Structure formats: structure tokens, C-alpha cells
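In what follows, a single structure is set out as C-alpha cells and then discussed.
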Amino acid sequence: MKKLPDGRYVDEAPWSDDQDLSALERSDMDAPNWVLVWRKFKRHRLGLISGIFLLLSYLMLPIAGFIAPYTPNERSAEYLYAPPQSINFWHEGDFIGPYVYPTTATADLVNYRWTYETDTTRPMPLQFFCEGDRYNLFGFIPSDTHLFCAPEGATVFLWGSDRLGRDVFSRILYGAQLSLTVGLIGITVSFALGIFFGSIAGYFGGKTDWIINRAIEILRSLPELPLWLALSAAVPSNWGPVAVFFIISIILGILDWPGLARAVRSKFLSLREEEYVRAAEMMGAKPGRVIRRHLLPNFMSHLIASATLSIPAMILGETALSFLGLGLRAPAVSWGVMLNDAQNLASIEIYPWTAIPMLPIIFVVLAFNFLGDGLRASLDPYKS
Amino acid sequence: MVTPLLDVRDLSIGFGSADAVVRDVSFQVMPGETLALVGESGSGKTITCRSVLRILPQAAQIRSGVINYSAGGKTCNLLTESRRTMRSIRGNQISMIFQEPMRSLSPLHRLGDQVGEVLRLHRDMRPGEAKKTVLDTFERVGFPDPTRVWRSYPFEMSGGMRQRAMIAMAMVAKPELLIADEPTTALDVTTQAQVLGLIKELQQETGMAVILVTHDLGVVANMAETVVVMNKGRVMERGPAPAVLGSPAHGYTKKLFAAAPMIPEVAAPARAETSDDLILDLRNVSKTYTMRAGGWRKPVTITACHEVNLSLQRGKTLAVVGESGSGKTTCARIALGAELPDPGGEVLFRPTKDADQVKINAMSQLERIHFQRQAQMVFQDPYSSLSPRMRVQQALTEPMEIHQLGTRAERREKAAEMLRWVGLDASMLSRYPHAFSGGQRQRLSIARALTLDPVLLVCDEPTSALDVSVQEQILCLLEDIRDRVGLSYLFISHDLAVVARIADEVAVMRQGVIVEQAPPDTLFYNPRHPYTCALIAAQPEPDVNRPIDLGLVSQGAGKPSSWPEAFRFEGVAAPALTELEPGHKVRCHV
């Protein structure tokens with residue numbers, strides 16, 4: 001700073017007025033939207049971990065049969081209600097690789113329950129890439145190779161077995177195939193309906209908007225559970241498990257769309273006021289083009305976040321229906337169907353592991369919520 | 001030697017690990033003095049003044065510096081004081097007025113309670129006593145009916161009234177120092193003049209010091225004794241206002257000065273030119289909206305504009321000037337066919353000199369498509385007029401895609417050419433608009449409007465969201481393009497000084513009617529209507545010797561029913577627009 005005689009201070013650093021008109025002011029913003037969102041999302045650690053967990057869970061689905069040591073309806077008649085077994089590595093101080101101890105069941109006729117004795121003297125190593133029951137890899141490649149299975153004469157019930165002697169761990173993996181996809185199919189249906197009705201309500205406004213809004217309000221005012229029950233009771237009982245599964249997910253989707261449609265509508269209303277939308281209209285763009293080129297891309301990310309947040313509701317919905325015996329039915333396996341077995345208090349008290357399917361539900365629902373939260377926080381990368 | 005009230009020394013503030021956004025800033029505020037912090041957006045002026053109250057964003061770190069505050073014989077460093085001490089200083093000894101009067105008052109509390117809160121917090125006043133003080137302050141800041149204001153909610157008030165309430169809130173505890181962060185930027189120019197006058201008057205009365213943060217050298221000239229010019233976080237020049245404004249020493253100050261829009265001194269009125277080659281002709285256009293009042297009450301009709309007659313000559317610029325709510329944007333939208341005028345009005349458009357006239361208010365589908373190619377619009381907010389998802393190329397080729405012009409390669413070529421026209425590089429085509437500054441983005445949106453080779457461009461306040469130096473460049477660019485391809489502009493603005501340089505004809509609007517219309521030279525040489533006089537008088541000029549004449553402003557800016565006899569009217573029963581001299585029309589009773 002230089003002091004001039006008249007008492008003012010002037011900066012002495014050289015200053016020039018030339019500026020490059022084409023220079024980027026914020027070069028960090030010069031990227032497609034998804035890159036910016038990803039950059040921000042990466043910093044949301046809980047969301048990132050949840051996302052990875054969910055990604056792994058979904059990647060696991062087609063090869064669930066390979067990972068599971070048993071097939072879902074494979075019974076071991078001598079091992080009803082077997083407790084969870086541990087996999088050990090060291091036997092009497094020596095490392096002998098993963099092994100299990102064989103167990104034998106005895107009927108406790110005083111208390112009317114099965115008790116299991118573990119024979120800790122005979123470690124039996126697990127077998128890898130072994131042959132077991134047949135299943136379909138990716139749903140259509142027949143295979144009988146399992147990642148690991150129990151050695152001859154022993155069992156590997158990581159999370160115990162159920163009333164009929166089926167492996168709970170394997171059933172959870174198979175159950176994930178239905179329980180996790182029900183959310184995806186449901187959300188697709190709900191997405192399609194929600195975007196369609198929400199965008200016409202938001203774009204055209206007036207009477208259309210009024211009618212759609214009232215329809216949404218009526219749908220939302222119906223008590224949810226009885227409606228589910230009524231709709232699923234209408235599914236003919238002679239339909240196969242796959243058909244029932246699709247119907248259930250579509251029912252969940254049909255009941256979920258009003259929330260999404262409202263989100264779409266309000267986003268539409270606010271985006272319509274943006275000047276780039278006005279500009280496109282004044283250039284002569286037709287409504288279809290304005291919606292497709294300007295509105296949809298700009299709120300798609302919001303939609304994905306709100307979809308992520310409504311998948312858990314679908315998963316829980318399926319679970320609740322199946323738990324009540326109105327959703328999927330045996331022989332289909334889903335987490336809700338498994339919990340159906342744990343309905344009776346006595347069996348939870350004596351065989352608590354039959355309630356283990358609750359854990360994956362809790363984890364998946366939490367993970368979806370964290371992921372959705374993370375996405376929502378990073379949706380607007382242009383504001384810093 | 002008097003101790004300065006506030007002494008800021010070597011203040012540096014930064015965000016995260018990035019370079020400091022405020023570097024080595026020093027200045028002093030003497031008791032009772034007004035200091036202006038001047039700079040364009042991004043210069044660090046707001047961060048600097050917020051650091052005085054320690055209300056910086058979470059991520060900001062103060063890297064070095066001292067802010068000494070001396071009052072009542074005690075001196076403390078505001079940067080290191082405890083939170084409790086800071087709380088007792090905020091609102092009590094140092095208070096602040098924010099830029100947005102719409103957002104800085106809580107909509108759930110009555111104004112009286114909000115303003116009185118300071119007294120309850122700092123003065124332990126009993127409710128009755130506090131109410132009395134607040135009512136006094138309301139009266140002081142110029143509310144005609146303080147008890148009504150006490151009971152009302154912020155949303156019942158206009159922007160200027162809310163800013164008065166904010167000032168009352170800042171003043172009620174009689175602070176030593178008032179920090180005003182762009183207090184008038186969101187206000188209309190006549191309201192701005194009145195609010196500035198009020199701050200000045202209150203200051204003389206209470207002897208408080210004021211830090212005025214602004215980007216407008218005209219405001220500085222009217223208010224400040226000391227000026228600090230900031231650019232990119234550093235002080236460029238600081239000193240007494242007459243010296244700095246009289247003969248700027250630093251290059252940046254000179255540049256700001258050159259860019260400040262001014263209403264020119266006119267020696268003689270323009271000679272009336274007549275031409276019958278009209279590209280756009282609005283005849284007798286009125287627009288009323290019906291608003292449902294809710295419940296079973298009768299719907300309310302609102303007149304946005306009333307019997308507007310405007311004609312734009314080919315190759316010329318017609319400017320419509322008015323404050324918010326004057327109906328100028330409605331006129332623009334009607335001119336572009338985006339809205340229909342009430343029956344009886346007509347909008348005629350003649351694309352070339354010997355083409356047929358098109359009636360814009362009754363176009364067929366085919367005519368509309370043609371018209372959309374010939375008339376384009378430039379929007380106000382450069383940040384929202386380009387879709388963040390589209391690359392520059394997509395944004396620029398979209399109009400051609402809509403009208404199915406050319407092949408892909410031709411469209412790209414045209415987009416690149418338009419970029420060069422607006423002074424940008426063709427390499428920007430693959431970039432995203434968010435990487436650019438406001439000025440660059442406004443150039444992009446001008447380029448987009450030009451891709452269809454229009455003959456008429458409607459500019460809706462194209463420079464009001466930009467810094468003064470950028471505004472200057474954009475105006476030059478618009479003039480260049482007009483002369484290059486013979487475009488005609490309908491230019492909407494609230495700023496007479498901006499219009500002064502670009503327009504060939506100016507129409508001044510007030511509450512939906514045109515009150516005066518003339519070429520700019522005639523208008524500035526001999527403004528006849530009291531409202532035009534008020535607009536001209538309220539324009540702050542960067543010259544310390546030309547203060548705003550508040551008398552003229554308040555006379556013209558009031559309701560039409562308070563104007564002098566010759567101009568007075570009630571409701572929409574306005575007198576006719578009369579041609580007093582050739583080319584000079586005034587709405588008055590002759």
C-alpha cells in the first residue's frame with residue numbers, strides 16, 4: 001500500500017484490465033451433472049458404504065444358488081430346528097482350515113424340543129466347489145456346484161435350520177432374490193405412473209391438475225393395510241409363485257405412485273418458472289420436447305433419490321404381506337415368508353434363530369435410507 | 001487524535017485449503033462516519049463486513065488479522081471475544097441490515113414483536129416501555145401509522161416498507177455502528193433514494209457510524225465520507241470519498257468509474273424523426289388478470305397495463321422503463337405473443353420492410369412458427385436461462401433443431417459463428433454453462449437468441465443481474481450486434497441510465513400506463529412528467545457534488561393521485577397521452 005499526499009492509500013501491485021473472455025470461471029463445474037453429483041456423493045461416507053453394500057447385495061442375487069450351501073427347500077429331516085453352527089479354523093492349537101463339528105439331535109421328550117450335541121473331538125473340514133443339489137445360475141444355467149458345503153456326515157447351518165430342517169442362511173440368500181427385486185419392480189411401476197401423472201398435472205395445470213390431485217388424495221386416504229389385504233386376497237390361489245410375486249409387486253407399485261406423482265408435480269411447477277424452460281417455449285418447442293429435453297433431465301436426479309427412499313417401503317410392504325400369509329406363499333422363498341414361520345412366540349423364544357431374516361431386512365432398509373439421504377444431499381451440485 | 005470506532009487490520013479469510021478470498025484488508029471507521037466498501041460480486045466485501053459480527057459461513061476460516069472495536073473507552077478484538085460478549089454486541093452496539101428485505105424478516109412474527117426483540121434481549125425493557133420505543137422508531141423511519149405497522153406481518157408490506165422495518169430493527173437499540181449490506185440493491189430506484197436518504201438522516205441524528213457495502217459508485221457518492229474499493233479480496237484504493245471519486249488513482253477504480261452508467265447532460269432536445277417503417281406496433285393494448293380472491297369473495301381484476309401504444313421502428317431500440325409492477329414485462333410478453341392482450345388491443349409485426357403485417361394476437365399455427373424464428377428474447381437472469389444439463393453446443397443448436405434448420409454440421413457451424421459474434425471462443429461449445437461467469441452466460445444466451453437470425457430481439461432487463469463493468473460490456477455488445485445486422489430491440493429496463501445509452505425512444509411506465517414517451521435526449525433535456533423527473537432525480541450519480549434531490553423523488557414517486565394538478569388521476573381513469581412537442585408525449589390534462 002502506498003500513501004498518497006492527499007491521505008489515501010493505493011495498492012501498488014501491478015494491475016491490468018485485460019481479461020480472457022473465454023476463460024472458465026469455475027472449471028470445476030465444467031462437467032456433466034452425474035460427475036458433479038458423484039463428486040459430492042463421494043464425501044457422504046455413510047451413503048457411499050450403503051451404496052456399496054446394496055450393490056454387492058444385488059450382484060449376489062443371480063449367483064445366490066452358488067453361494068448358498070443348500071437349496072431353499074432342501075430338507076434335512078434329522079436336523080429340525082438345529083441351532084447356528086460356527087465355522088472354526090484352529091483345532092487344539094493347530095490350524096487346519098475351515099471346518100465344522102458334527103452334531104447329533106436328540107429329542108427332549110420332557111420339554112418337547114430338539115437338543116443338539118456337538119462332537120468337538122472330530123473336526124470335519126468344509127468342502128469347496130463341491131457338488132450339491134441342482135439349482136439355476138442366473139435363473140437359467142443349470143448347475144450343481146456350490147461354493148462350499150458340509151462334509152459327508154455333518155451339516156453346515158450357519159444361521160441354524162427351521163421347522164422343516166431347511167438351512168436358514170441359504171433360504172435368506174434365496175429369499176433376497178424375491179424380497180430385493182420386489183422393490184425394484186414396484187418402483188418401476190410406481191415411477192412410470194408417478195412421472196406420467198405428475199408431469200401432466202404439473203405441466204398442464206388447471207382442470208387436469210385438479211382431477212389428478214383429487215385422485216391422489218383419494219388414493220392416499222384409503223387405509224393402506226386393508227387395501228393391500230383386499231387386493232392380494234383377490235389374487236387367485238392357484239397361481240404359481242412367480243405370478244403371485246409379480247402381482248404383489250405391481251400392487252405395491254400402484255399404491256405407491258401418488259407420493260411420487262406429487263413430488264414430480266411440485267418439481268415441475270418450480271422448474272417451469274426457470275428461464276431456460278421459458279426460453280425453450282418461446283423458441284417454439286412443443287410441450288413434449290420441453291418435458292423431455294428440459295424438465296425431465298433436470299429433475300431425474302431428484303426422482304432417483306426419492307425412489308431410493310421409497311424402495312424400503314416396498315420391501316417392508318412385501319414382508320408385511322407375506323408375514324401375514326397374504327403375499328408370497330411357500331414354496332416361494334422371501335424374507336416375509338420366512339418370518340411367517342416365526343409368527344409364534346414360543347418358537348422365537350426356544351429357537352430365536354428363526355427370526356434371523358429380520359436382520360437382512362433391517363440392514364437393507366437402513367442402507368436404502370442412507371443411500372437416499374446421501375443422494376439427496378448431493379443432488380444440487382451447482383450450489384456450493 | 002480520535003480513536004477509530006472500528007479498526008480492521010490485515011484481515012485475511014479463506015475457505016478450506018483454497019487461496020484466501022479476503023487478503024490483508026485494512027480500514028478504519030471513525031465514530032459517526034460513513035465508510036463505503038465498494039466492489040463487484042466476488043470481491044470479498046460481504047465476507048469482510050460479516051466477519052465484523054462473526055457471522056461467517058461455517059467453512060470460512062479467519063487466517064489472520066485484528067478487528068478492534070472501541071466504544072465507551074474500552075477496546076476489544078471482535079475476532080477473539082467470547083461468544084457471550086459477541087452476543088451482547090450484536091444488535092446492541094453493532095447491527096446489520098441485509099440485502100433481501102423479503103427474506104430477512106420472519107413471516108410468522110408481527111413486525112412490532114420482531115423489532116422489539118432487540119430491546120427485550122439487550123435492554124431488559126418492560127413490554128410497555130419497549131412498545132413505546134419501537135413505535136417511536138417506526139415513526140422515525142417514516143411509517144405514517146406506527147400502530148398499524150406494529151400489528152402487521154412482513155408479507156403485508158412492500159419491499160421498501162420492509163427495508164424500512166429492517167432499518168427500524170437495526171436502529172431501535174441505538175447502535176454505535178450500522179452495517180448495511182447492499183441495503184437498496186433489491187429496491188426500485190426511487191425507493192432506493194428514499195431509503196438512502198433515511199439512513200443518512202438517522203445517522204446525522206444519532207451520530208452512529210455506518211459501513212455501507214455496495215457495488216454502486218453513485219450510492220457511494222451520495223452517502224460516504226470514506227471509500228474502500230475492493231477487487232478479488234484485496235483493497236485497491238482507500239481514502240476520502242471526494243478524492244477517490246474525484247480523481248481515481250488506481251486502474252480498477254478508474255475502470256469502475258468508466259463503467260458506471262450515467263444520465264447524460266443534454267444540451268438540446270433531439271429532433272423528432274419520423275418513419276413509417278414499423279417493425280412492431282402495439283395498438284391500444286390492455287391486459288387485466290382476474291385473480292380468485294379465495295372463498296366466496298368476488299374475483300379481483302388486476303390491470304397489468306392499460307391502453308399501451310408503442311411502435312418500434314426497424315433497426316431502432318425502443319426502451320420501456322419502469323419500476324417493478326409497472327407492467328413493462330407484460331408488454332414484452334404480449335409483444336412476443338406469449339400472452340394475449342384484452343379484446344380491442346392489437347399487436348402488429350412486419351418482419352421485413354415490404355412483407356405483410358402479421359397480427360400477433362391472432363396468429364395461425366404456421367404464422368406462429370414463422371414469428372418464433374423472427375422474434376427472440378434475452379432473459380434477465382443469466383444463471384437460470386441456460387439449462388445446467390446441456391452443453392453450450394446443445395443449448396445453442398436447440399432453436400435450430402426445433403425449427404428443423406440445417407444439418408448437424410451446419411447447426412454446429414452456426415453455433416460456433418454466433419459464439420464468435422458475442423466475443424467468445426468456439427472451443428466453448430463442449431463446455432457446460434455452469435463453468436462460466438454471469439457475463440459470459442449472458443453472452444451465451446444472446447448467442448442462443450441470435451442463432452435463428454431474428455429481426456426483433458426483446459431484451460428483458462438483460463443487464464440488471466450483472467456487475468457494472470460487465471453490464472457495460474454487454475450493452476456495447478448489444479449495440480454492436482444491432483448495428484451489424486440491423487436488429488430492432490424492445491428493451492425492458494428499470495434503469496434510466498442504462499436506457500440512456502442504448503435507446504432511440506424511451507417510454508416511461510408507471511402502474512400500467514405510459515406516462516411519458518420521447519427520444520432519450522428530449523426526455524433528459526426536458527422531462528415533463530413528475531414521475532420521470534423523480535426517476536431522473538433518484539438516479540445516484542458517482543459525483544459527490546450532485547446529491548439526490550429527495551424532494552423531487554418523493555413528489556413524483558407517490559401515488560398518481562398525489563401528483564400536481566395537471567397530471568393527477570385516480571385508478572385507470574388516466575388523462576390521455578398528449579404530444580406536447582413533436583415526438584414528446586406526456587400523460588397530462590392539457
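Sequence lines set the chain letters: A, B, ... in the order given, protein chains first and strands last, and positions in each chain run from 1. Values in this document were obtained by computation on a predicted structure and should not be read as measured data.
Atom-to-atom distance recorded for B:D460:CG and A:R278:CZ is 9.5 Å, nearest 0.5 angstrom. A:H294 contributes atom NE2, which lies 4.0 Å from atom CE of B:M390 (distance to the nearest 0.5 angstrom). We find the CZ-CD distance between A:R8 and B:E237 to be 5.0 Å, quoted to the nearest 0.5 Å. With rounding to the nearest 0.5 Å, the separation of CZ in B:R389 from CG in A:L295 is 12.0 Å.
For A:F363, the CZ atom counts as loosely surrounded, since its 6.0 Å shell holds 12 or fewer non-hydrogen atoms of other residues, nucleotides or ligands. A 6.0 Å sphere centred on NE2 of B:H403 holds more than 12 heavy atoms belonging to other residues, nucleotides or ligands. With a 6.0 Å radius and a threshold of 12 heavy atoms from other residues, nucleotides or ligands, B:K255 has its NZ atom above the threshold. Within 6.0 Å of atom CZ in A:R45, 12 or fewer heavy atoms from other residues, nucleotides or ligands are found, so the atom counts as exposed in its surroundings.
Contact annotation for residues 439-453 of chain B against chain A (heavy-atom separation below 4.5 Å, listed by residue number): B:Q440, B:R443, B:R448.
For a residue to count as touching a neighbouring chain, one of its non-hydrogen atoms must lie under 4.5 Å from one of that chain's; by this rule B:L386 touches chain A with the backbone only. At a 4.5 Å heavy-atom cutoff, the contact between B:M428 and chain A is made by side-chain atoms alone. With a 4.5 Å cut-off on non-hydrogen atoms, B:V227 does not touch chain A at all. In this structure, the portion of B:R234 lying under 4.5 Å from any heavy atom of chain A is its side chain and not its backbone. Both the backbone and the side chain of B:Q380 have a heavy atom closer than 4.5 Å to some heavy atom of chain A. For B:P242, no part sits under 4.5 Å from any heavy atom of chain A, backbone or side chain. B:E398 touches chain A through backbone and side chain together, each having a heavy atom under 4.5 Å away. Neither the backbone nor the side chain of B:D24 has a heavy atom closer than 4.5 Å to any heavy atom of chain A.
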Derivation of the side-chain contact (heavy atoms from CB on, under 4.5 Å) call for A:M282 and B:R333: CA-CA 10 Å; A:M282 289 215 171; B:R333 289 179 62 80; 3.8 Å; yes

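Across every non-hydrogen atom of A:A285 and B:I402, the tightest pair is CB-CD1, 3.5 Å. Heavy atoms only, all atoms of each residue included: A:M283 and B:P399 are closest at SD-CG, 3.1 Å. What you find for A:D11 and B:V235 is that their closest heavy atoms are CB-O, 3.4 Å. Taking both residues in full, the closest heavy atoms of A:D30 and B:Y432 are given as OD1-N, 2.9 Å, listed atom of the first, atom of the second, then distance.
Side-chain contact of A:E12 with B:H250: a donor-acceptor pair under 3.5 Å is absent, judged by distance alone.
Counting heavy-atom pairs closer than 4.5 Å to chain A, the top-ranked of the candidates B:S387, B:S26, B:G239, B:G337 is B:S387. Note: B:Q372 leads B:M377, B:R373, B:Q372 in heavy-atom pairs under 4.5 Å with chain A.
Contact annotation: the side chain of B:P388 approaches that of A:N298 to within less than 4.5 Å [non-hydrogen atoms, C-beta and beyond].
At least one donor-acceptor pair under 3.5 Å links the side chain of B:S384 to the backbone N or O of A:E275.
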